[in-house]
Amino acid sequence: MGMTACKMNSKKTISFFQHVYDLVQSIPAGKVTTYRHIAHTMNTKDARRVGHALHANSDSDKTPCHRVVFADGRLAPGYVFGGPNEQMRRLQLEGVECIDGRINLKKYLYIPKN
DNA sequence: ATGCTGACCGAGC
DNA sequence: CGCTCGGCCAGCA
């Protein structure tokens, strides 16, 4: 019975962001998920807002947003901690193959659960 | 209030 | 497979 968004919190933007961060933190090392899957888990179609939330992420240790990629496996062009190159480096450090700026989702996709 | 933008996505060509 | 285009909708000037 996951409710869409916690209405109990007064700041809804924060709770949406926090929900995104929670899901991102649930991605195991060596796996990735997509904006689309996160949005879907949160019962919305707005993958852009998920991206927006991650853009505002300030702690890449706590919230490993390098494990979030496009629905087709491409890396985020606007990755804020050093660009796609840095995102690729971090993924490869975890054993995620990145071929031509792209991840094989058949192999590495993790679907976050509510 | 209103118009523009974006760490997106899927359809169409 | 790749590029373009429209839709999506919250945030912000």
Side-chain angles (χ1 to χ4, degrees):
Chain A
M1 331 287 338
M3 39 172 83
T4 310
C6 308
K7 292 177 182 167
M8 24 195 164
N9 284 339
S10 39
K11 326 233 168 167
K12 59 184 175 191
T13 47
I14 302 243
S15 67
F16 183 93
F17 279 30
Q18 193 56 56
H19 195 169
V20 172
Y21 297 157
D22 287 345
L23 293 179
V24 171
Q25 285 165 27
S26 77
I27 309 168
K31 289 286 183 180
V32 301
T33 195
T34 72
Y35 299 97
R36 190 73 181 119
H37 281 93
I38 292 174
H40 193 266
T41 297
M42 293 177 67
N43 220 19
T44 174
K45 294 174 184 173
D46 197 359
R48 275 188 160 171
R49 191 140 84 110
V50 175
H52 201 177
L54 291 185
H55 187 68
N57 176 31
S58 58
D59 189 345
S60 64
D61 287 315
K62 188 175 176 188
T63 306
C65 54
H66 63 279
R67 296 182 190 142
V68 184
V69 300
F70 279 18
D72 63 1
R74 280 175 306 152
L75 302 187
Y79 182 74
V80 294
F81 300 102
N85 229 34
E86 173 63 14
Q87 183 180 15
M88 172 162 63
R89 195 185 67 78
R90 294 190 187 199
L91 287 171
Q92 288 178 334
L93 241 46
E94 301 177 348
V96 176
E97 289 177 289
C98 187
I99 294 156
D100 206 17
R102 205 172 263 218
I103 305 297
N104 182 354
L105 291 178
K106 302 272 190 204
K107 192 167 177 184
Y108 297 107
L109 177 65
Y110 166 80
I111 300 176
K113 292 172 273 301
N114 237 330

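Numbers restart at 1 for each chain; the letters A, B, ... are given by sequence-line order, proteins then strands.
With B/dA7, B/dG6, C/dG11 as the candidates, the nucleotide lying closest to the side chain of A/Phe81 is B/dA7. Side-chain proximity of A/Ala71 to the nucleotides C/dG11, B/dG6, B/dC9 is greatest for B/dC9. Of the candidates C/dA10, C/dC8, B/dA7, C/dC8 carries the atom nearest the A/Arg48 side chain, counting heavy atoms from C-beta on.
Side-chain atoms of A/Thr41 and A/Leu23, non-hydrogen and from C-beta on, do get closer than 4.5 Å to each other.
Between A/Arg36 and B/dG10, a side-chain N or O to OP1/OP2 separation shorter than 4.0 Å is present.
Nearer to the 5' terminus of DNA chain C, by closest-nucleotide assignment, is the contact made by A/Arg102 (compared with the other of A/Arg102 and A/Asp46).
Crowding of A/Asn104 atom CG: a count of heavy atoms from other residues, nucleotides or ligands under 6.0 Å exceeding 12.
Here B/dG10 presents its C1' atom at 11 Å from CG of A/Asp72, a figure rounded to the nearest Å. Note: CZ (A/Arg90) to C1' (B/dA7) measures 14 Å, nearest angstrom. If you measure from atom NE2 of A/His55 to atom P of C/dC12, you get 11 Å, rounded to the nearest angstrom. Between the C1' atom of C/dC8 and the CZ atom of A/Arg49 lies a distance of 12 Å, rounded to the nearest Å. For A/Lys45 and C/dA10, the NZ to P distance is 13 Å, given to the nearest whole Å. If you measure from atom CD1 of A/Ile38 to atom C1' of C/dC9, you get 17 Å, rounded to the nearest angstrom. Look at CZ on A/Phe70: it is 13 Å from C1' on B/dG10, rounded to the nearest Å. Taking atom NE2 of residue A/His40 and atom P of nucleotide C/dC8, one finds them 17 Å apart after rounding to whole Å.
The base of B/dA7 lies close enough to the side chain of A/Tyr35 for a donor and an acceptor atom to sit less than 3.5 Å apart.
If you check the side chains of A/His66 and A/Glu86, you find no donor sitting under 3.5 Å from an acceptor.
Between the side chain of A/Asp100 and the backbone N or O of A/Arg102 there is no donor-acceptor pair closer than 3.5 Å.
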